[in-house]
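Working notes for the structure below.
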Amino acid sequence: MTDKINDLLKRVAEFSPEAAAEVEEFRIKILGKKGELNALMEEFKRVAPEQKRELGQKLNALKNAATERIAALKAAMADSAALSAEGVEDMTRPGSADGIGARHPISIVKNQIVEIFSRLGYTVAEGPEIEDDHHVFSALNFPPEHPARDMQDTFFIEKNPDILLRTHTSSIQVRAMERTQPPIRIVCPGRVFRNEAISYRAHCIFHQVEGLYIDENVSFADLKQSLLYFAKEMFGEKAAIRLRPSYFPFTEPSAEMDVSCNLCGGKGCNVCKGTGWLEIMGCGMVDPNVLEANGIDSKKYSGFAFGMGVERIAMLKYGVKDLRLYFENDVRFLHQFDSAL
């Protein structure tokens with residue numbers, strides 16, 4: 001009988017239910033009228049008188065242990081049910097790992113561009129997104145009749161036409177030239193705004209990284225070599241560039257730079273318009289009028305400037321064919337960049 005008492009005591013201690021119904025079933029099985037404890041009580045009546053004292057104490061200990069254990073289990077189940085009713089999950093369940101976030105592809109590419117030019121000695125300069133006409137246009141040699149001043153391109157503040165959302169980060173270059181004498185070697189990342197129709201190739205909000213280098217004896221050859229180095233570092237050693245003559249009020253001579261389209265391998269696609277090339281930036285030698293307007297001696301110093309759209313670079317680097325995806329915050333799209341730098 002001692003073995004039966006010890007065995008039942010062990011089962012009571014090890015009982016671990018998952019639901020309240022199991023606790024009640026266990027109570028009936030152990031403490032019910034036809035339960036195992038009552039069966040042991042009946043057997044106790046037949047033991048020898050000299051064993052009754054010892055076995056009686058063990059049966060009382062068993063009954064107390066079973067009663068206390070079942071009461072504790074019922075209380076625990078009741079607390080768990082109350083938490084569930086309040087919307088709190090079962091605190092005993094294993095935890096789930098939280099998802100780790102990642103940088104937006106625009107931030108990834110912007111940081112890569114800045115890092116590449118930092119190897120050439122460029123430092124980062126920043127400025128305000130809400131600007132004035134002087135820093136965005138006048139100090140950059142934009143004549144009053146220039147098309148970029150038209151409302152079709154620029155978001156002006158209605159109550160004050162001299163205040164506008166910057167259309168390029170060249171305004172940061174102006175501020176740098178105003179407060180610093182050459183040598184100047186800066187890159188200017190930031191968000192810009194233009195009143196353009198939104199499509200797979202254009203948006204009214206986008207990001208730029210512009211660069212400015214001013215020193216003595218700076219030439220167009222320096223500009224070309226710097227941009228070729230950037231293209232190969234960003235797109236791979238096989239990347240090719242071409243420079244096409246163009247016009248910007250703040251540079252002379254000016255050029256558009258194309259890079260070989262790695263979306264189609266140069267065969268032609270809708271992004272490169274079937275040419276195998278994709279325009280990624282404008283560049284040129286800083287116009288002497290701009291240098292003089294910002295207090296820099298154009299006879300002593302020369303320099304070059306360039307500016308590129310971050311979204312366009314990201315399209316090429318990651319094979320994204322619709323620029324609008326960068327602004328829609330679709331987690332299915334963004335999760336593709338979890339492993340990016």
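Note that these values count all heavy atoms, side chains included, but never hydrogens, waters or copies made by symmetry.
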Is the distance from the ring center of Phe117 to that of Phe306 below 6.0 Å? yes
Please work out which of the three classes, parallel, tilted or perpendicular, describes the rings of Phe327 and His207, given edges at 30° and 60°. parallel
All heavy atoms of Ala255 vs all of Phe248, minimum pair found to be O-CE1, 3.6 Å
Mind listing the closest non-hydrogen atom pair of Leu164 and Ile157 along with its distance?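 Minimum heavy-atom separation between Leu164 and Ile157: N-CG1, 4.1 Å.
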Between [X] and [Y], does at least one N-O distance fall below 4.0 Å, as a salt bridge requires?
X      : Y      : value
Arg242 : Asp258 : yes
Lys299 : Asp297 : no
Arg119 : Glu233 : yes

I'd like to know if the side chain of [X] reaches the main chain of [Y], judged simply by a donor and an acceptor atom lying under 3.5 Å from each other, with no hydrogens or angles considered.
X      : Y      : result
Lys110 : Val310 : no
Arg166 : Pro128 : yes
His135 : Val174 : no
Asn195 : Phe155 : no
Ser302 : Val218 : yes
Thr169 : Cys188 : yes
Ser254 : Thr251 : yes

[atom1]-[atom2] distance between [X] and [Y], expressed to the nearest 0.5 angstrom:
X      : Y      : atom1 : atom2 : value
Leu140 : His134 : CG    : NE2   : 8.5 Å
Arg194 : Leu165 : CZ    : CG    : 12.5 Å
Ser170 : Gln208 : OG    : CD    : 6.5 Å
Thr123 : Ile186 : OG1   : CD1   : 7.0 Å
Thr275 : Trp277 : OG1   : CH2   : 9.0 Å
Leu323 : Ile106 : CG    : CD1   : 7.0 Å

How is the hydrophobic cluster of Phe206 composed, in terms of its other members, when Ile, Leu, Val, Met, Phe, Trp and Tyr link through side-chain heavy atoms under 4.5 Å apart, directly or indirectly?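 Answer for Phe206: Val192.
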Test Arg244 against Glu279 for salt bridge (charged side-chain N to carboxylate O under 4.0 Å, His left out), laying out the working first. CA-CA 10 Å; Arg244 294 177 288 104; Glu279 174 193 327; 3.7 Å; yes
Show me the pairs that pass side chain to side chain donor-acceptor pair (under 3.5 Å) and involve residues 211-225, at least two apart or across chains.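 Sorted pair list: Arg185-Tyr213, Ser219-Asp222.
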Taking only residues at least two apart or on different chains, which pairs with a member in residues 22-32 satisfy side chain to side chain donor-acceptor pair (under 3.5 Å)? Glu24-Arg27, Glu24-Lys74
Verify the distance criterion only: is there a donor paired with an acceptor across the side chains of Asp133 and Ser138 at less than 3.5 Å? yes
